[in-house]
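Here is the structure we will look at, set down as structure tokens.
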Amino acid sequence: MSNDRAASVTTSRPPLTNGQHVRRRGGTPLVIAGGTLVSLVLVMAIVSLMWTPQDPTATDAVNRLASPSATHWLGTDGLGRDIASMVLAGSRVPLMVGLGTVAVGFTIGVPIGIVAAMTDRGAGMWLMRGNDILQAFPALLLAIVLAAVFGPSTLTAVTALGLGLAPGVARVVRSGTLQVLSREYSLAARAAGRGPLYLAVRHVLPNIRGILIVQASVGFAIAILAEAALSFLGLGTPPPAASWGRMLQDGQSVLQIAPLTILWPGMAVAVAVLGFNLLGDGLRDRFDPRMDVTR
Amino acid sequence: MLLNALRRVGVFALTVFVASLVVFFLLGVLPGDPARAQLGLQASEEQVQALREQLGVDRPLPVRYLEWITGFFTGDMGVSYASRSPVGPQVLDALQVTLLLVLGGIGVAVLIALPLGILAAVRHHRPDGTLFSGLSQLGISIPNFLAGLLLIAVFSVALGWLPSGGWQPPVAGVDFLRHIALPALALGLVNGAILARYTRAAVLEVMREDFMRTARAKGLKPGAALVRHGLRNALVPVVTVTSIEFANLIIGAVVIETVFVIPGLGSTLIRAVANRDLIMIQSIVMCVVILVLLVNLLVDLLRPVIDPRLRIAS
Amino acid sequence: MENLTVSAGSEELVHGINFEIRRGERVGLIGESGSGKSLTCLSVIGLLDRGLSATGRITFGSVPTAATTAGSEPEGLDLLTADENELARIRGDRLSMVFQEPMTALNPLMKVGDQLSEVIRIHRPKTPNVRDKVDELLSSVQIPDPARTATVYPHQMSGGQRQRVMLAMAMANGPDLLLADEPTTALDVTVQKRVLNLMVHQVQHAGSSLLFITHDLGVVSEVCDRVIIMRHGRIVESGSIHRVFTAPEHPYTRALIAASSLETHPTTGRLLTLDTPKDFEHSPPDHSDAAAGLPVVSASVPAEPQPEIEHLTLCAESAPAVFNTVDSPAIRVRDLTRTYGKNRVFGKSRTVQALRGVSFDVARGQRFGIVGESGCGKSTLLRLLTALDQPTSGRIEVAGNSIVGRSERHLRWLRDSMQLVFQDPMGSLDPRMSVTDIIAEPIHRASRQERRFRVEELLEQVGLPISAAGKYPHEFSGGQRQRIAIARALATRPQILIADEAVSALDVSVRAQVLNLLDDLVKEYQLTLVFVSHDLNVVRHSCDVVAVMKGGRIVECGPADSVMASPDHPYTAELVAAIPHVREGAP
């Protein structure tokens, strides 16, 4: 390792260092911490499919705003529902929304980015112009509009958030692709008579893999935050499905008498988002030492 | 350079135009018949037809678009489907409130982010730098409405210092400040954490630059080198990120206004959504999109002022 | 300035070296990548990267006379133990530095004049008329119109100008010692020549000492009195330029000198190389031994009968000439132009003429060199030759077939018959592909079995073990990577090989090996070689014919030796004169 170090300091003509080509061991603690938190949320979701301490939808007029007890581990909310069960069950929707958002965002963003980079001077310019216009519609605004038009549902949330994620993905993929295409191995492939599809599959995608993983992780975090906000506004996944955002909304109405009701769902959101953020940061350190500062 | 600025303004205008088409057709065409939606299925065909004429939705689309967009820019945004009162004044009032809130938020964010980000970069190899990184990481993981709820729980419910919601106009003086404090703080804390991280990254990046070594080789001490050569260079990416954060803040305000019951664009929008008041939604969404684009335009125009490399020599 | 011992790093990178620089002396520190020369330099000025640490003693400025040895304790400042305040006081004043990369070493947001006046103000806050002093400094480094230049930003200047500004900045306060870390490596040779002359002149004028770090023996012999040769963090040899270059004692030094001046073996005509590194200390002091590189391919390949090559020069702005005309050439280029630029909707469209009417032939089996400095159009020409880009006008024929305006489907024959080797051994191999996949990329139509067989055959031909096939590029050194790139280029058994600065990024010792390999393969495959380089020496060695390009034109073309020996065009003459030579004797 230290020899590499010396080489990097003293090479007479420094090689063009390309972020994702420099394998670094950095970021591992972040990856572990993030991975642990993400796994925790995943386990919560899986467990909640099979078992919850109580029925998360069952109301109990007698035991409203109960303190933690053997039956209600974390107490009950304003309608007497079991908070622990709701927090567990509430992990499913954010994960689904995250997955859907990243899927939609990548399906649209990655091809746009690659095609835009490959046809940089012609169609690519117009693609990016369109991308800029799409970027003027923030994801959450899009989600609110779609909820207004089609009614609130998981599907509209995923569509809107995915559409909101896509321009950012396209931008990052485009710059990564441009970098790969400017490398001499891409020229060599073209000089060997290989077409654009081959280039995209064999050279571009493997080399922007790191960028994609980071984007997916960050996309997850953004989607979970946005989903919570939508549910909070009453525009997310409709009841009876449990949702952290709606728990927070319910909690606000009893904030004056039972401020602790917002604590657990709030922590759940923070843990999930923190997990994906840490994971994204750790992976970024690993794949791309330069933080993407300029968009 | 002037030519370049004009080009950007041209692109801005074009983008606004395309965006308005998107907004209009998304909200004006997709949702079906607004009159039927207002009156419900029980209403007779005549009633619906009458309302259609009253709302002007029976005419061809291009005409409606032209009418809407000219009306939008002259302040005559049409009549609310729900309240049957003019949309324009409502939107303008709400816009003022939201702008104040967003400016407050960005103020808080910048005040937190710049000093902390720089400090964390300079001390990145020490424990306090790491601690700061952890805090900012936690900061960006908390949704702003949760931050708002927590602030209410502490400063309104527990301590009783500040109101838990509501709004006073700036002429109310101290009362205005008391009402804007918590929402602006909630907005600024979260966005400040993001901004601080970017500031830290930008400063770290700059500290690795060759010209910083040159500055040291000239005989500047590390601190002086950072102040004289580093910060302005770090500012270039930070300004860009601030503009993005500005856009995020506008969206964040939508949620925060609901938390604090503030009569801004956001709470008006959510109410309009609940009422399926499409003309209101249309106008507010257009307003927000123009705001976002305007901030981007301003930053695009500002960057060459900071960075001479972006001034294209003619 | 006297006696210093340095060791650095958590793992030792520089192993306790000692040397001294006397007042007014110019010392060159030479070594290849990883020799620790830059680390040594940075520890002198105390700007080592975090994580690296230096121990030992670097004593600065105290000894008026030269006759001091390690034993005596002068009361100079120990640069390694000095605190930040002390260091800051002498940096830029008595001790200054010029860095390698002129493009990034200046603050992009600050006017050049302000950056210059800053270094004066830091150390002499009360200097009156700093403005005038700045103008004076700028004119002393021969920058035209200093008053105007002081108000521009670095990005508006060329690399050479920026390096002059750096030099002016370093010399502003008349330092006792100037450190220069590869200051001209990033510059074109003609610019390098001027900057070096300036540097020597400035240092002499100010009576400063100079520590000059470089990998280039030629450069050092033009600049320095004394030379120190480093290898793997140790000093291998040191002495006066004259002594070291005429009678090198250490075998490494001998081999280095041989490799950098492209000396050839008297009987085989092959370039002398550094042999396997570990054998040095024991290898007998005989050149022929170090020359044993790869198995020599049988010399029985019949030499192509060389037709008479005309030595032509572009007369000033006359009708564009056709160079190197031959019958039925491998490559024929006529009136080739390429204009870059974009038409904008708003504003004026800007265009750059990269090529302005280039015409030449390359005969079959010929080794055709193209020489020029950055921006001369040689890269554009290559992209056009390989049909990776389309010309604005003009014709290109390869083996009699036009390649202009053909769709990719109609260029398949070209892709098989013409291949490329690039400059950057890092960037030319996809880090995510195995060596087998990389080499087999051009022969994707062959069966799996055929491909594997061919890859193994090629690996052997370029002198790599078969076991390399399953590995990935990062497991290889720069020279080995270039061998892989060559193997890939030969996979289709092309008739034409285009080498774009193929050895420019390599250390001199590796360079000689790769050039030898290229020579062998050109003979074995009977290749037509188009060799593009900024380095006239390399081209002279590797090519029969050389074309000199400037400003998008060929200005002179002829047999390599003849062009080098009697350049006609003034630019060629300047180019030839600017090549730093390993001189046998101090300048």
Side-chain angles (χ1 to χ4, degrees), chain B residues 1-14 121-126 129 202 204-239 303-314, chain C residues 42 44-51 83-111 114-116 118-124 152-156 162 165-166 169-170 172-173 175 178-179 181 344-348 350:
Chain B
M1 196 174 158
L2 189 67
L3 209 67
N4 202 36
L6 282 177
R7 262 190 66 222
R8 291 201 180 281
V9 173
V11 170
F12 164 76
L14 203 69
V122 173
R123 303 176 71 84
H124 69 108
H125 55 286
R126 308 225 178 109
L204 274 179
E205 185 84 25
V206 163
M207 291 200 306
R208 280 196 293 266
E209 293 278 0
D210 281 356
F211 62 79
M212 289 300 285
R213 208 171 47 175
T214 307
R216 297 282 306 283
K218 277 175 166 181
L220 286 173
K221 288 172 204 164
L226 185 67
V227 171
R228 288 206 215 176
H229 295 275
L231 291 187
R232 191 159 168 216
N233 277 284
L235 199 61
V236 178
V238 168
V239 163
R303 274 191 305 186
V305 177
I306 305 174
D307 189 344
R309 284 167 298 183
L310 298 174
R311 298 173 204 158
I312 299 171
S314 48
Chain C
L42 286 173
V44 172
I45 198 163
L47 292 176
L48 280 175
D49 284 353
R50 198 180 297 285
D83 68 21
E84 194 53 47
N85 285 337
E86 288 174 298
L87 281 175
R89 210 174 311 123
I90 62 165
R91 278 191 207 129
D93 187 17
R94 297 175 54 204
L95 177 64
S96 60
M97 182 157 179
V98 177
F99 298 95
Q100 174 175 355
E101 258 313 320
M103 301 321 238
T104 52
L106 290 168
N107 184 346
L109 303 188
M110 208 167 163
K111 285 175 185 158
D114 294 342
Q115 300 196 43
L116 267 169
E118 186 183 29
V119 72
I120 302 169
R121 286 215 176 91
I122 295 169
H123 300 285
R124 316 254 187 285
V152 306
Y153 290 95
H155 72 276
Q156 292 164 292
R162 290 189 219 189
V165 170
M166 280 299 291
M169 204 184 280
N173 294 318
L178 175 67
L179 304 167
D181 186 0
R344 289 176 142 172
V345 185
F346 305 95
K348 274 188 208 147
R350 257 176 282 272

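Proteins get letters first, then strands, A, B, ... in listed order; numbering begins at 1 in each.
Heavy atoms of C:N85 lying under 4.5 Å from chain B belong to its backbone as well as its side chain. Only the backbone of C:L95 has a heavy atom closer than 4.5 Å to any heavy atom of chain B.
Contact of the B:R213 side chain with the C:L42 side chain is registered, since non-hydrogen atoms from C-beta on lie closer than 4.5 Å. When side chains are defined from C-beta on, C:R89 does not count as touching B:K221, because their heavy atoms never get closer than 4.5 Å.
Between the B:R232 side chain and the C:L109 main chain, a donor and an acceptor come within less than 3.5 Å of each other. Judged purely by atom type and a 3.5 angstrom limit, B:T214 has no side-chain atom pairing as donor or acceptor with the backbone of C:L106.
B:G219 approaches C:I122 most closely through the heavy-atom pair O-CG2, 3.8 Å. Residues B:L220 and C:E118 share a closest heavy-atom pair of CD1-OE2, 3.3 Å. B:D210 approaches C:A105 most closely through the heavy-atom pair CB-CA, 3.8 Å.
Of the residues listed (C:H123, C:M169, C:R91, C:M97), the one engaging B:K218 in a side-chain contact (heavy atoms from CB on, under 4.5 Å) is C:M169, and it is the only one.
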Exercise. Going through the distances and angles, do C:Q115 and B:H229 end up as a side-chain hydrogen bond (donor to acceptor under 3.5 Å, both in side chains)?
Worked result: CA-CA 10 Å; C:Q115 300 196 43; B:H229 295 275; 5.1 Å; no
